[in-house]
Amino acid sequence: MAKSLKRTLPSLLTAITVICAIGLMVSGIFLHRISGTYSFLVGQEYHYSTTLGPALRLVVDPSVSLETMRVNYGLLFSITSAEVARLFHVSTFGGWVTEIQVFQIVFVGCALCAAWFLEQSPHLLLILLVALTPRFSSVDQTVIAAPTSGIRFLTFAILPLLLAFLLRTKSTLCAAIAGAAISIFVLWNPETGLPCAAALLFFVFVSELLDSRSFWRSLGLTCFAILVSCLLLTAGFAAIVGRIVSPHLFFEHFTGIFIGGYGGRAFWHEGMATIGVAMLCALYASSVVIHCCLTVRAQTADRRSIARASMAVAAIVWFGYFAQLPMLSKLYTVIVLLIFTVAPLIEDKRPWVPAAVWLFVFYVGVTYFASAPARFGFGEANFQGIILPEDTARYLNTEAAGLRSAPADTIYFSSAPFSMALASGRINRLKVFDPFGETWTTRSFIGLMQDVSAQHPACILLEAPNSPLLAVSPPRSRFIERIRSALPADYHFLRTDAGWEFGAANERLSRCPLWVINGHFALHSPCRLYPRKRTCAVH
Amino acid sequence: MKMAIGISALILAALSMVLLLPNRLLLSSPDFLPEQIEWTGMVDVFQQTLAHLVWVCLIAITCLCILLWPNR
């Protein structure tokens, strides 16, 4: 009986874990997101705007040039998100949330495949499942805070898969494939592409050193991989944008949000527990890499151990993210990278070693699971496929109707630019998608106002002070005030209606719709008095 | 592995020196809007970024030394 239980228990536990994982991952797809005003604004709207704003812009206005917008998380990332949204006719905020959930499943699927092909260890698969499922499930905040979702980190799941493939290739072919992969990874998302690039170059260099024992040959192959990646990166960028662009734009698009920092926090922001876990991870990651180098030197290494060390290299470089935002939630992706290196530990003969790994993974999984679950339910959605408090939903619907009636070149400043773009079909033609979310410094604010002045629209709409969204976010209120005081002097705010303060430029007042001037906001179609911009060359 | 852990611990200990430096000694430009500071609590993290870069460089140099130092 005891023997039979010992034999069946692991299979039973595995089956329960898999069923729970599938349930947690898939459930949210069939339900509606339930949100309070604050969590909608801070958790969802803010993050979707800065992450998927450029993708939404590509969906709403396919003619828009990538050169004219700031892309925070990579060109391929934005283009793929937009194409998926277009393919599946995603037209509501709830639809975009579902798209993120699908990408979460893709991430976990890729990670599991990678673990299997890299190690062929069912034990490692189980560990990965336990570590990944809580974080990437429908009930976690990652679905709501899109920048922490699988779509941003997809290359981290593909990297071990690629390393598993490179185990079977040698020398020049290995370097060429690594170079090509680096270019795609960087095009997908430069910030996650760079750690992957470091990992692949480490693999090319060290595995060649192990095979040939020649430093110069290893260096040559690594340089060859870098050359291939640079050439393909330039070609890929030119193909996406449509022409060879200036180095300035090239670097601007590839640095995105991360070169300016992520809006950093002090190192001791979350206290000693977080620092302790981070130090443990840092010590482990660097030990794996140094141990690999010692075994390569002693000629006792194999290519699989170099692949594991490459994952640790990616983790070390990606620690830069944690250095800027020292929070346990930001350490999670570092831990995911490191899980791909633990296969020797979980097979260790000393029982405390695999036990320690499991304990750590449970700690990570449970911590994230218990932190701040997202809510989904069966109720009827009242705004964009989401269940919001009634007054907030009513306000946003009115605001969107007001925006739809405004002149085509209107620039608006809303707390909810992603929702407004979806509900009204209108997107500012500014460089940034979310002025508040992407304007952190005085310098960038000056740039934003120069952008507004250059367009000199007939109307500017500012979110009205009585907005329930501004009520829960005083800093946004102050930002709107800052914009108002920095606008060119010839703009006058005539009235407040439909959730907006309507501002018009003096000399263009005659071109402004009458309802802006006299306050008759019953109009839900574009005003005929407003002369539309000619888009046809034939007169 | 013990040797690897020892070297890594030494590197991390050296790294802590960078974090202990007063931030104003390093080049930094805290230019954040007040409402952004209020919104997210963002601070200038130049020092932490520098510490990370130093760590990466120290590990890279250590690995190169291990790999390329001639065997006796």
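- Under the side-chain hydrogen bond (donor to acceptor under 3.5 Å, both in side chains) criterion, S207(A) pairs with no residue at all, not counting sequence neighbours.
- No other option in V289(A), V42(A), V288(A) has as many heavy-atom pairs under 4.5 Å with chain B as V42(A).
- Contact annotation for Q36(B): only side-chain heavy atoms (C-beta onward) come within less than 4.5 Å of a heavy atom of chain A.
- Using a 4.5 Å cut-off between heavy atoms, L209(A) contacts chain B through its side chain alone, with no backbone atom that close.
- Only the side chain of F205(A) comes within less than 4.5 Å of a heavy atom in chain B; its backbone stays farther off.
- Residue contact with chain B, scored on non-hydrogen atoms closer than 4.5 Å, involves the side chain of Y46(A) exclusively.
- The parts of L33(B) that come within reach of chain A are both its backbone and its side chain, each placing non-hydrogen atoms under 4.5 angstrom from that chain.
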* Does the pair C65(B) and T62(B) meet the rule for a side-chain contact (heavy atoms from CB on, under 4.5 Å), with working shown? -> CA-CA 5 Å; C65(B) 288; T62(B) 309; 5.8 Å; no
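- Annotation for L469(A) and L41(A): closest pair O-CD2, 3.4 Å, computed over non-hydrogen atoms.
- If you measure heavy-atom distances from L53(B) to chain A, you find no contacts under 4.5 Å at all.
- Checked options L331(A), L194(A), T333(A); the residue passing with W318(A) is T333(A) (criterion: side chain to side chain contact (heavy atoms under 4.5 Å, CB included)).
- Proximity to chain B (any heavy atom under 4.5 Å) is shown, for F319(A), by both the backbone and the side chain.
- Taking the side-chain contact (heavy atoms from CB on, under 4.5 Å) definition, one finds that V296(A) meets it with V206(A), L210(A), R213(A), C292(A), A301(A), I306(A), L67(B), sequence neighbours left out.
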* Does the salt bridge (charged side-chain N to carboxylate O under 4.0 Å, His left out) test come out yes or no for R478(A) and E38(B), once each step is laid out? -> CA-CA 10 Å; R478(A) 280 192 274 285; E38(B) 187 185 348; 2.5 Å; yes
